[in-house]
Amino acid sequence: MSGRRRHNRKITTDVRVGDCRELLVSLPDNSVDLVVTSPPYADQRKTMYGGVHPDQYVDWFLPISEQLLRVLKPTGTFILNIKEKVVNGERSVYVLDLILKMRAQGWLWTEEFIWHKKNCYPGKWPNRFRDAWERLLQFNKNRKFHMYQEQVMVPMGDWANSRLKRLSVTDKTRDSSKVGSGFGKNVSNWVDRDKAYPTNVLHLATECGNRSHSATFPTSLPEWFIKLFTQEGDVVLDPFMGSGTTLIIANRMRRNSIGMDTAPEYCEMVRKKLNSVDLYLCEPEMDYESLG
Ligand SMILES: C[S@@+](CC[C@H](N)C(=O)[O-])C[C@H]1O[C@@H](n2cnc3c(N)ncnc32)[C@H](O)[C@@H]1O
């Protein structure tokens with residue numbers, strides 16, 4: 001389809017109140033291009049969402065991931081923002097267990113991105129340091145999925161003046177992978193280029209703007225994955241929508257979106273924000289890393 005016709009196509013945003021375990025059932029098979037979501041973590045914010053015990057978390061989540069597997073297109077991607085907490089001096093293992101059970105369910109665990117919360121404030125604990133990162137697990141149905149890598153390229157930054165100015169002999173030839181993967185690199189290929197591909201570590205600031213929700217992720221987080229895995233007119237789903245960060249940025253980027261949340265007040269708030277004229281006037285915040 002031409003760019004112009006694509007641009008004229010109507011973009012829809014669908015906000016549904018209720019438990020995603022029930023609502024997801026009504027979505028058609030193979031209809032979603034990207035799921036980006038941050039469900040409540042085990043035992044967190046009990047008063048807000050009831051809380052699920054770490055021991056029950058996997059059983060609670062598997063029927064949801066089963067539905068997501070059904071509604072995702074074969075070329076689609078599921079990004080799950082989740083992090084275990086420390087219980088009794090140890091990290092709980094429910095996230096690791098969930099990954100294994102989702103693989104058994106039919107998902108491929110394709111990649112893990114790290115969200116480095118670069119403006120995290122300092123703290124002190126007797127036996128550990130400030131936790132300044134979260135997991136973004138990537139799951140797919142197939143090994144071949146849509147990925148638009150050029151859309152997330154980053155400025156070369158200081159790397160161009162440091163590493164690329166001191167190339168070794170190996171840097172100037174194709175250095176084949178030592179693990180026999182068939183991949184290789186020739187660092188000198190990057191000399192004189194303005195942009196490079198990013199790493200799987202996303203250095204994004206947390207946001208402190210008042211969005212009437214205490215567990216929001218920054219706009220730049222869903223924005224990055226929407227750019228990487230979708231095109232205009234595609235469908236983005238967030239079954240744990242909260243303040244609607246995913247839907248709002250998807251709408252700005254001319255993607256169709258579906259959001260679900262058990263809290264009617266969040267759904268109402270998101271609908272109001274989506275109706276706001278300002279929405280279309282705002283530029284998305286750019287706060288990505290460079291390689292430097
Ligand atoms: C961590 S928050 C999501 C925050 C969101 N990423 C944002 O930027 O605002 C999780 C949300 O899931 C909602 N929720 C909890 N259980 C749910 C369920 N079973 N179905 C749908 N939403 C649920 C909560 O009301 C909460 O708003």
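Numbers for residues simply follow the sequence, beginning at 1. Every number for a ligand or one of its atoms is a count from 1 in the order of the listing.
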| message | Any nitrogen or oxygen of Ala263, side chain or backbone, less than 3.5 Å from one on ligand 1? | response | no

| said: Under a 3.5 Å cutoff, is there a donor and acceptor pairing between the side chains of Glu150 and Tyr197? | reply: yes

| Among side-chain atoms of Asn140 and Thr110, is any donor-acceptor pair under 3.5 angstrom? | yes

| Taking atom 23 (C) of ligand 1 as the point of reference, which of Phe240, Tyr266, Phe61 owns the nearest heavy atom? | Phe240

| query | Is any N or O atom of Thr216, backbone or side chain, closer than 3.5 Å to an N or O atom of ligand 1? | reply | no

| Side-chain donor-acceptor contact under 3.5 Å, Glu84 with Tyr57 | no

| note | Of Thr199, Asn200, Leu137, the one forming a side chain to side chain contact (heavy atoms under 4.5 Å, CB included) with Phe113 is Asn200

| field | N/O separation below 3.5 Å, Ser243 to ligand 1 | value | yes

| task | Could you pull out, from Asp238, Thr262, Thr37, the option with a heavy atom nearest to atom 22 (N) of ligand 1? | result | Thr262

| said: Is it true that Lys73 and Asn142 share a donor-acceptor pair across their side chains at a distance under 3.5 Å? | reply: no

| message | Quick check on contacts: which atoms of ligand 1 are under 4.0 angstrom from a heavy atom of Thr245? | response | 7 (C), 8 (O), 9 (O)

| said: Under 4.0 Å from a heavy atom of Pro239: which atoms of ligand 1 are those, numbered in the order shown and with their elements? | reply: 21 (C), 22 (N)

| Do the charged groups of Asp14 and Arg271 touch, with an N to O distance under 4.0 Å? | no

| Under 3.5 Å between some N or O of ligand 1 and some N or O of Asp19? | yes

| field | Parallel, tilted or perpendicular: rings of His203 and His116 (30°, 60°) | value | perpendicular

| Is the closest N or O pair between Phe217 and ligand 1 shorter than 3.5 Å? | yes

| query | Based purely on interatomic distance, does Ser38 place a nitrogen or oxygen under 3.5 Å from a nitrogen or oxygen of ligand 1? | reply | no

| message | I'd like to know if Glu232 and Arg255 make a salt bridge, using a cut-off of under 4.0 Å between side-chain N and carboxylate O. | response | no

| said: With heavy-atom distances below 4.0 Å as the criterion, list the atoms of ligand 1 near Gly18. | reply: 20 (N), 21 (C)

